[in-house]
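For reference, the structure discussed in these notes is given below.
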Amino acid sequence: MAKRRRAYFMDASYVVKKGRTYVALLLKGKKVVKLYYRYDPYFLVDGPVERKEEFLDIQAQKKNGRIASPIHVEEAEKYVGLEKKKLIKLYCREPSDVPAIKSQIPFPCFESSIPFVRRFIFDMQLSPFHVITYEREGREIKKIISVKEPKEAPQMETLSFDIETYNPMGAPREKKDPVIMISYRGRNKGVLTYKESSREFVESLENEKAVIERFSEIIAEENPDVIYGYNSANFDLPYLDARAKKLNARLMPGRFKGGMRSLRKGMINGYEIGGRVHFDLYPVMRFFGFIGLIKAQKFTLDAIAEEVLGKRKLDVKKEDIYQLWDQGGVDQLADYSIVDAELTYDLGENFLPLEMEMSSTAKIPLFQVTLSTSGQLVENLLMYHAAERKELIPRRPVGEAIYERLNAPIQGAFVKLPEPGIYENIAVLDFRGLYPSIIVSYNIDPGTLLEDGGENAYVSPTGAKFTKEKQGLVPVVLDYLVDMRSKIKSRLKTMDRSSAAYVKMNARSHALKILSNSFYGYLGYARSRYYSRPCAESVTAWGRKHIMDTIQKAEKAGFQVLYADTDSVFLIYEEKNQVRDFMNGINDSLPGKMELELEGFYTRGVFVSKKGGEARGAKKKYAMIEDDGRIKIRGFELVRRDWSDIAKDTQLKVLEAILKEGSKQKAVRIVRETIKELEKGTVPLEKLAIITQLKKDPTRYEIKSPELSAAKKMLKRGIPVERGTIISYVVGRKGASISEKAVPLELAEDYDVEYYVNNQVLPAVMKILKELGYDEYSMKVGGKQKSLDSFF
DNA sequence: CACTGTGGCCGTGGTT
DNA sequence: AACCACGGCCAC
């Protein structure tokens, strides 16, 4: 007797039982359950449809020696561009049969490399965290009746954890060095260890094995849906796993007896916990840093917690941990450990709503979303909607095709050269979501691109034509995302900012923005299934056309156009209403979803010249002050992490003196004072650190550089350095070249005054002070400025 | 192997 | 001194 039930769809995996494939769905209703759905994997063949039965005779040998054959064949019809196409649909016994059978087929195969669980999500049109209504018999789902967006998000149970290890040699060795503490924070919080402590939150157990087993019990008691860690996929979980094996300890962090499994997903390492979501904050923070959502100098827990939460870790050095453990510092260590678990928990709670929205928007289960790149999110969403529209999903490019794409870059945006100087009354107009709005308005899609002819079409400045007859996949999906976001944004304005609903909707708005901003890049991404050079070229060509038209019209209307970059124009105005009238006029002439917006009015702004000298202005470098006193700074050294704080702080003070107070005397005084302090030799080393990431493995560099030289000094001291490590270095006094002088911050003892004056502070401020008529000499010896002309 | 795209600035160490 | 390649980070 079938029972009808409703539950949130949380995650899915698959199992093969008695030679048949079952999708295992993780569902959350009153309780969390795991139920099974019979579903056969399949793929498509572009071959002779009338002889489809012959494909059933294929016998393919798998890697494990077993023979695989298709179990069923049928005809399928799919759209390819604007045409319909007949294909052969071959069903297989289990997912691992697909590549084997495919390799025996002498015709083009499609949709064979889509992971089976994703395939199921597409075909059933599931969304993570949506509510499904289904009929079940025993542990089996017989039918999925509906998938609906719930009014309320599921209440997620969460738990964070962190481990401390004994580390007399610096880095702990998993064969020898024990786990000495495990801290956690969920509904309860605490620290597990095997020495005595006076802290009430510490639970002292008999030995390391008991600590690990007690941790398993705690997880079972708390029963979290999500387990947070910080770098836990690379360190904590593999380490715990290795120790548990060595000690023969029972480590069962999963549900339904699910184990742990390490997996590589592109460049990112993941560690799966069966039946729960392992949410490692570290790769997610890297991703958010990469797309500019968070701004952090480093991606350590300490740095991110400070940036995001305004909280710091306790001050215990990693290399001192074993000494604290040995020398009666268990209480101190426990305090340190529990703060780590709490910070990780707070970060997790902070980012969980956004990741859940990314998950349900991109149709990728949460664990996978935490390991996904922008390209994978867009690709998955497009495949999901391609399945919905019965469109054939294009294959991923391989080999030579990728290199061809990489070797043929696409012309990008237009940037207008600014005239250096100090200006007053600047208005900034910009196109809202320029590239997405172009894609939607001109129906740009690989499938709407017309080969030749075609009457009813948009013609791009490159000559490419896009039909107006049928809306393409990319424009449809993008239109939906952009439209939903604008609706959510207006709803948000009426909502109580502290409510759970607001947090969720705000996260969704963010998720939609991240996704929609990635579509253009994905069209030009060499490894994209939907790569299209004509499409990507048309997007930027239309972008250049619209911004240049706007500049031309602004000049015709009597404005001086100071600067423009991609989607924005900077005008010098006399009356604000003239700017608004001009903008309205432009908007009347724009097609579809395109819109020019007023970004803001600025009372004063600085544009500087390029380093090379001359009067040529520098692009992408300016500072402006708004009517309300807020300062907007772009491109200057002070927004870059690879400049020292002493240079950045001085540059900021100089800009403020000029923009806020209009006082060049004050600006000069600030520079002279900074130089004096540097010469005294009393500036703290932290203010002199230059932060740079090693993007390659340290052995693979062709050239010498200060950061590489500092990295080598770290390696010599046994501090690990690898691709991706972020190096902080100070230029010291010992050595001939700058590289030789570069010393990692933690080993630095002194600094080179000359370097910090001539290569850091002065270059940063002189660009600005040059616009006021000063030269370098006058900064150092306190002489008079070259020119007495006053700007203000 | 590689993190959606192109345009742009600039430091460092090297060559001419 | 002028110029270049490499490499990193930022604007959009």
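None of the values given here were measured: they were computed from a predicted structure. Sequence lines set the chain letters: A, B, ... in the order given, protein chains first and strands last, and positions in each chain run from 1.
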For [N] and [X] - does any side-chain N or O of the residue sit under 4.0 Å from the phosphate oxygens OP1/OP2?
{"X": "Y755(A)", "N": "dT12(B)", "value": "yes"}
{"X": "Y701(A)", "N": "dG8(C)", "value": "yes"}
{"X": "K695(A)", "N": "dG8(C)", "value": "no"}
{"X": "T373(A)", "N": "dT4(B)", "value": "yes"}
{"X": "Q376(A)", "N": "dC3(B)", "value": "no"}
{"X": "K621(A)", "N": "dC10(B)", "value": "yes"}
{"X": "K610(A)", "N": "dC9(B)", "value": "yes"}
{"X": "R634(A)", "N": "dC12(C)", "value": "yes"}

Partners of T692(A) by side-chain contact (heavy atoms from CB on, under 4.5 Å), sequence neighbours excluded?
->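 Scan of T692(A) (side-chain contact (heavy atoms from CB on, under 4.5 Å), adjacent residues dropped) gives D642(A), I690(A), E707(A), Y729(A).
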Of the options [options], whose atoms approach the side-chain atoms of [X] most closely?
{"X": "K611(A)", "options": "dC10(B), dA11(C), dC9(C)", "answer": "dC10(B)"}
{"X": "I738(A)", "options": "dG7(C), dT12(B), dC3(B)", "answer": "dT12(B)"}
{"X": "K696(A)", "options": "dG7(C), dC10(C), dT6(B)", "answer": "dG7(C)"}
{"X": "V639(A)", "options": "dT6(B), dC3(B), dC10(C)", "answer": "dC10(C)"}
{"X": "T692(A)", "options": "dG8(C), dT4(B), dC12(C)", "answer": "dG8(C)"}
{"X": "E637(A)", "options": "dG8(B), dC10(B), dT4(B)", "answer": "dC10(B)"}
{"X": "F290(A)", "options": "dG7(B), dC10(C), dT4(B)", "answer": "dT4(B)"}
{"X": "P706(A)", "options": "dC12(C), dC10(B), dT12(B)", "answer": "dT12(B)"}

So what does [X] hit on the nucleic acid, given a heavy-atom distance under 4.0 Å: a base, only sugar-phosphate, or nothing?
{"X": "Y403(A)", "value": "nothing"}
{"X": "S705(A)", "value": "nothing"}
{"X": "R527(A)", "value": "base"}
{"X": "S739(A)", "value": "sugar-phosphate"}
{"X": "V378(A)", "value": "nothing"}
{"X": "I410(A)", "value": "sugar-phosphate"}
{"X": "K767(A)", "value": "sugar-phosphate"}

For DNA chain B, whose closest nucleotide is more 5', that of W643(A) or that of T540(A)?
->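 Residue closer to the 5' terminus by nearest nucleotide: T540(A).
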With DNA chain B as reference, determine whether N759(A) or R700(A) sits nearer its 5' end, using the nearest nucleotide of each.
->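 Nearest-nucleotide comparison on DNA chain B picks R700(A).
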So, Y522(A) and E379(A): side-chain donor and acceptor under 3.5 Å apart, yes or no?
->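 Judged by distance alone, the side chains do pair up.
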Hey, mind stepping through T725(A) and E722(A) against side chain to side chain donor-acceptor pair (under 3.5 Å) and telling me if it holds?
-> CA-CA 6 Å; T725(A) 300; E722(A) 53 192 17; 5.0 Å; no
Member of K553(A), H546(A), K545(A) meeting the side-chain hydrogen bond (donor to acceptor under 3.5 Å, both in side chains) criterion with D549(A) |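 Result: among K553(A), H546(A), K545(A), K545(A) is the only option passing the side-chain hydrogen bond (donor to acceptor under 3.5 Å, both in side chains) with D549(A).
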Parallel, tilted or perpendicular: ring planes of Y622(A) versus F570(A), cut at 30 and 60 degrees |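 Aromatic pair Y622(A)/F570(A) classed perpendicular.
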Proximity of Y282(A) and F299(A) rings by center, below 6.0 Å |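 No: the rings miss the under 6.0 Å criterion.
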